[in-house]
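One is the number of the first residue; the rest follow in order along the sequence. What's counted below: heavy atoms across the whole structure, side chains too, no hydrogens, waters or symmetry copies.
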Amino acid sequence: LLQMGNSQSSIAPNLQHAQATGVLQLSGKKLEEWPAAIHRLNNNLRTLDLSNNRLTSVSTSIDGMVQLKQLTLSSNRLTGLPDQVCSLSRLTILSLERNFLQSLPVGFSQLKSLKTLQLSGNKFKDFPASVLDLPALELLDLSTNSIITQLPGNMSNLKAVELNLNQNQLKLLSDSLADCPRLRILRLQENCLPIDQFTPKLLRDSQISLLAVEGNLFLMKQFDQLEGSQAYQERVTAVRRKAEH
């Protein structure tokens with residue numbers, strides 16, 4: 001057995017269980033360092049949960065976890081991710097809420113299987129452009145950050161079905177959001193958006209059927225009077241009727 005520090009010696013039963021199941025749960029273990037012993041499970045670990053610990057970094061050896069599909073690192077003290085994360089080709093769910101991240105690794109778009117990316121409650125000031133090239137992305141949650149800069153001009157590359165930007169500091173949107181091929185749900189509550197950012201193109205020509213905009217710099221009755229608002233409402237109604245049948 002590998003030598004482990006005091007906080008890590010308590011995880012031996014978890015490791016044994018994971019050997020059989022491929023699932024390793026180490027949430028709330030007061031871990032301050034990445035447990036080296038995890039890497040004995042590299043070949044069969046599919047799910048790894050290290051949430052609610054005190055980790056400040058992710059091991060560069062993580063690229064050995066070739067079977068990993070779900071990685072949960074929420075509620076730690078991470079300020080960055082190593083480039084090696086980008087080689088987890090089977091990863092479908094990555095949960096990084098409530099950390100101190102401001103950016104993603106350069107090669108992040110290599111995560112070809114990633115469907116769910118949770119980045120809520122971090123320190124992003126800029127929209128992380130590398131997520132626009134994730135081909136399988138379905139849900140992107142960037143709520144409760146400090147995004148203040150304009151969204152990238154090529155937002156139309158985003159493959160996500162749902163984009164959550166609630167509780168940021170956005171003052172400007174990008175019209176290219178209207179061209180996102182799969183975007184159905186766009187959450188923009190509690191930002192600093194003026195009414196003129198909701199253009200006819202966004203309301204009329206997009207696929208969006210749930211647009212959450214409360215808590216910005218206008219009244220909802222103003223929103224309802226915008227050009228293109230009727231077309232948006234018709235999409236909302238159509239989706240609701242479809243769900244009822």
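The main-chain N or O of L88 is never found under 3.5 Å from a side-chain atom of D63 such that the two would form a donor-acceptor pair. For the pair R54 (side chain) and E33 (backbone), a donor-acceptor distance under 3.5 Å is absent. Within the 3.5 Å criterion, the main-chain N or O of K29 finds a donor-acceptor partner in the side chain of N53. A donor-acceptor distance shorter than 3.5 angstrom exists from the side chain of S27 to the backbone of S51, with no hydrogens or angles considered. Counting only distance, with no hydrogens or angles, the side chain of S176 and the backbone of M155 share a donor-acceptor pair below 3.5 Å. N166 contributes a side-chain N or O that, together with a main-chain N or O of Q189, makes up a donor-acceptor pair within less than 3.5 Å. Looking at N44, its side chain never comes within 3.5 Å of a backbone N or O of T21 through a donor-acceptor pair. The closest donor-acceptor contact from the side chain of D133 to the backbone of V131 lies at 3.5 Å or more, if one exists at all. Of the possible donor and acceptor atoms, none in the side chain of S75 sits under 3.5 Å from a partner among the backbone N and O of R98. N76 places a side-chain N or O within donor-acceptor distance of the main-chain N or O of L50, the cut-off being under 3.5 Å.
Heavy atoms from other residues, nucleotides or ligands lying under 6.0 Å from CD of Q233 number more than 12. Enclosure of atom NZ in K159 by more than 12 non-hydrogen atoms of other residues, nucleotides or ligands within 6.0 angstrom is indicated. Other residues, nucleotides and ligands place more than 12 heavy atoms under 6.0 Å from the CZ atom of R182. Counting non-hydrogen atoms of other residues, nucleotides and ligands closer than 6.0 Å to CZ of R184 gives a total above 12.
Residues D224 and S229 bring no donor and acceptor atom of their side chains to less than 3.5 Å of each other. Residues H17 and N14 have side chains that never bring a donor and an acceptor to within less than 3.5 angstrom of each other.
For the residue pair A231 and R204, the shortest heavy atom distance occurs at CB-CG, 3.8 Å. Heavy-atom minimum distance, L217 versus C192: CD1-O, 3.3 Å. Between A136 and K112, the closest heavy-atom pair is CB-O, 3.5 Å. In terms of heavy atoms, M65 sits closest to W34 at CE-CZ2, 4.1 Å. Here the closest non-hydrogen pair linking S120 and T144 is OG-OG1, 3.9 Å. K171 and I148 get closest at one heavy-atom pair: NZ-CD1, 3.9 Å.
Using a 4.0 Å cut-off between charged nitrogen and carboxylate oxygen, E162 and R187 count as a salt-bridge pair. Ion pairing of R77 with E32 is absent here, as no side-chain N (NZ or NE/NH1/NH2) approaches a carboxylate O to less than 4.0 Å.
Counting heavy atoms from C-beta outward, L183 and L163 have side chains that approach closer than 4.5 Å. Residues F127 and L132 form a side-chain contact, since some pair of their non-hydrogen atoms from C-beta on lies under 4.5 Å apart. Within the 4.5 Å cutoff, the side chain of V106 has no heavy atoms near those of the S130 side chain. The shortest distance between side-chain heavy atoms of L71 and I62 falls below 4.5 Å. Two residues are said to be in side-chain contact when any heavy atoms from C-beta on lie closer than 4.5 Å; T79 and L101 fail this criterion. Taking 4.5 Å as the limit, every side-chain heavy atom of L142 sits out of range of all side-chain heavy atoms of L117. Contact check for V66 versus N42: no side-chain heavy atoms found under the 4.5 Å cut-off.
Distance check, rounded to the nearest 0.5 Å: OG of S95 to CD of Q70 gives 6.5 Å. To the nearest 0.5 angstrom, S61 atom OG is 8.0 Å from Q84 atom CD. In this structure, the separation between OG1 on T72 and CD1 on I93 is 7.5 Å, given to the nearest 0.5 Å. Here the CD1 atom belonging to I195 is positioned 8.0 Å from the CE atom belonging to M220, to the nearest 0.5 angstrom. The structure places CG of N164 at 10.0 Å from CG of N145, a figure rounded to the nearest 0.5 Å. Note: Q222 CD to N216 CG = 11.5 Å, rounded to the nearest 0.5 Å.
Linking Ile, Leu, Val, Met, Phe, Trp and Tyr residues whenever their side-chain heavy atoms come within less than 4.5 Å leaves I185 and L140 in two separate clusters. When hydrophobic clusters are built by joining Ile, Leu, Val, Met, Phe, Trp and Tyr residues whose side-chain heavy atoms come closer than 4.5 Å, directly or via intermediates, L134 is not grouped with V161. A continuous path of hydrophobic side-chain contacts links L170 to F218 [ILVMFWY only; heavy atoms under 4.5 Å]. A single hydrophobic cluster is not seen to contain both L139 and L188; linkage of ILVMFWY side chains at heavy-atom distances under 4.5 Å, directly or through other members, places them apart. Cluster membership for V236 and L226, using ILVMFWY side-chain heavy atoms within less than 4.5 angstrom, is shared.
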Checking F124 against Q102 for the side-chain contact (heavy atoms from CB on, under 4.5 Å) test, could you report, in this order, the C-alpha distance in whole Å, the side-chain angles of both residues, the deciding distance, and whether it holds? CA-CA 4 Å; F124 285 89; Q102 296 185 43; 5.6 Å; no

**Prompt:** So D179 and K201, salt bridge (charged side-chain N to carboxylate O under 4.0 Å, His left out) or not? Walk me through it.
**Reply:** CA-CA 9 Å; D179 300 319; K201 180 176 169 68; 3.2 Å; yes

>> Before you tell me yes or no, could you show the steps for L24 and T47 under side-chain contact (heavy atoms from CB on, under 4.5 Å), namely the whole-Å CA-CA distance, both residues' side-chain angles and the distance that decides it to 0.1 Å?
In response: CA-CA 6 Å; L24 181 54; T47 299; over 6 Å; no

Run Q19 and L41 through side-chain contact (heavy atoms from CB on, under 4.5 Å) and show every step you take.
CA-CA 6 Å; Q19 190 85 49; L41 303 168; 3.3 Å; yes

Criterion side-chain contact (heavy atoms from CB on, under 4.5 Å) on T92 and L114, from CA distance to verdict | CA-CA 4 Å; T92 57; L114 196 64; 5.7 Å; no

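Note: F223 and Y232 have perpendicular aromatic rings, judged against thresholds of 30 and 60 degrees for the angle between ring planes.
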